[in-house]
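Proteins get letters first, then strands, A, B, ... in listed order; numbering begins at 1 in each. None of these values were measured; they are calculated from a predicted model.
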Protein chains: 2
Amino acid sequence: MNNRLKVLRAERNWSQQELASRLEVSRQSVNAIETGKYDPSLPLAFRIADVFGMAIEDIFLRE
Amino acid sequence: MNNRLKVLRAERNWSQQELASRLEVSRQSVNAIETGKYDPSLPLAFRIADVFGMAIEDIFLRE
DNA sequence: GCTTTGTGATAGGTTTCCTTTACATCGCGT
DNA sequence: ACGCGATGTAAAGGAAACCTATCACAAAGC
């Protein structure tokens, strides 16, 4: 499951640590999700959508 | 994380087994998600949204 | 040079998701 | 009364999603 995390984070000039703090997860989790190691849980996906002010469907892509 | 699975399933007159087959998961998984035992993974949430033709945000509710 | 910041990766451990198998109940039709 | 579809639940095991701690490295600044 592909995602646009890295781009969205760059648009806001946030470091991985900055995003991790906003999501209340570890920096390693953010890194793992960005690099496609695994997909976030649904609750975390909702939190990600919230901090970016977008819909889950617009951040995570099927395919 | 609350969800409207039971209602959506009832609207379509699908049994848990019917939905499980469409999602390609076990019936117990559908039952567990419906009864709030746990949340689906993100990929499964996308499949659920697909079979109902809705957005994830309209099936699973924050709060 | 040295230090800081950002990023990628790994090892080891816990929790959550999902499976198979199994059992109990309830409602409905025969 | 009997069978059957639908549902709820539980145990045991594996896979996936988290965690902390740690190392490595490149780029930038002083």
Quiz item: Ignoring hydrogens and geometry, is there a side-chain-to-backbone donor-acceptor pair from A:Arg9 to A:Trp14 under 3.5 Å?
Solution: yes
Quiz item: B:Ile33 has an atom CD1; how far is it from atom C1' of C:dC17, in whole Å?
Solution: 9 Å
Quiz item: Would A:Gln16 and A:Arg27 satisfy side chain to side chain donor-acceptor pair (under 3.5 Å), going step by step from the backbone distance to the final call?
Solution: CA-CA 6 Å; A:Gln16 290 185 346; A:Arg27 182 187 69 83; 3.1 Å; yes
Exercise. Could you check if a side-chain atom of B:Arg4 sits within less than 4.5 angstrom of a side-chain atom of B:Met54, using non-hydrogen atoms only?
Key: yes
Quiz item: Does CD belonging to A:Glu11 count more than 12 external heavy atoms closer than 6.0 Å?
Solution: yes
Practice problem: Find the distance between CG (B:Asn31) and NZ (B:Lys6) and round it off to the nearest 0.5 Å. | Solution: 8.0 Å
What pairs of nitrogen or oxygen atoms, one from the protein and one from nucleotides 10-12 of chain D, lie under 3.5 Å apart?
none

Exercise. Would you give the length of the straight line joining atom CZ of B:Arg22 to atom CD of B:Gln17, rounded to the nearest 0.5 angstrom?
Key: 12.0 Å
Quiz item: Can a side chain N or O of A:Lys6 be found less than 4.0 Å away from OP1 or OP2 on C:dG8?
Solution: yes
Quiz item: For C:dT20, does either OP1 or OP2 sit under 4.0 Å from a side-chain N or O belonging to B:Ser26?
Solution: no
Self-check item: Of the listed nucleotides C:dA9, C:dA22, D:dC18, the one nearest the side chain of A:Arg27
Solution: C:dA9
Self-check item: Nearest heavy atoms of A:Ile56 and A:Ala45, plus distance in Å
Solution: CG1-O, 3.9 Å
Practice problem: Enumerate the residues from residues 8-18 of chain A whose closest heavy atom to DNA chain D is under 4.0 Å, giving them by residue number; use none for an empty result. | Solution: none
Practice problem: May I have all residue pairs that pass salt bridge (charged side-chain N to carboxylate O under 4.0 Å, His left out) and include part of residues 40-52 of chain B, sequence neighbours excluded? | Solution: A:Arg62-B:Asp50
Exercise. Examine D:dG8: is either OP1 or OP2 under 4.0 Å from a nitrogen or oxygen in the side chain of B:Asn31? Give yes or no.
Key: yes
Self-check item: Contact letters for nucleotides 25-30 of chain D, in which S counts primed atoms plus P, OP1 and OP2 and B counts the base, heavy atoms under 4.0 Å
Solution: ------
Practice problem: Using the closest heavy atom to pick a nucleotide of DNA chain C for each, name whichever of B:Val30 or A:Glu34 lands nearer the 5' end. | Solution: A:Glu34
Quiz item: Do the side chains of A:Phe52 and A:Leu19 get nearer than 4.5 Å, heavy atoms only?
Solution: yes
Practice problem: Whole angstrom is fine here: how far is it from CE in A:Met1 over to C1' in D:dA16? | Solution: 14 Å
Practice problem: Check B:Ala55 against B:Ala49 and note the closest heavy-atom contact, atom names and distance. | Solution: C-CB, 4.3 Å
Practice problem: Using a 4.5 Å cut-off on heavy atoms from C-beta on, say whether the side chain of B:Asp39 contacts that of B:Phe60. | Solution: no
Practice problem: Please list residues of residues 41-56 of chain B whose heavy atoms come under 4.0 Å from any atom in DNA chain D, ordered by number; otherwise none. | Solution: none
Quiz item: Could you write nucleotides 24-30 of chain C as a row of B, S and -, 5' to 3', where a protein heavy atom under 4.0 Å of any base atom gives B, of only sugar-phosphate atoms gives S, and otherwise -?
Solution: -------
Practice problem: Take atom OH of A:Tyr38 and atom P of C:dC18, then tell me their distance rounded to the nearest Å. | Solution: 16 Å
Quiz prompt | Same apolar cluster: B:Val30 and B:Val7, side chain cutoff 4.5 Å | solution = no
Practice problem: Can you see which heavy atom on A:Met1 is nearest to which on A:Leu61, and at what distance? | Solution: CG-O, 3.8 Å
Quiz item: If you measure from OG1 on A:Thr35 to CG on A:Leu5, what distance do you get to the nearest 0.5 Å?
Solution: 10.5 Å
Quiz prompt | Value rounded to 0.5 Å, distance of CD1 in B:Ile33 from CG in A:Leu42 | solution = 9.5 Å
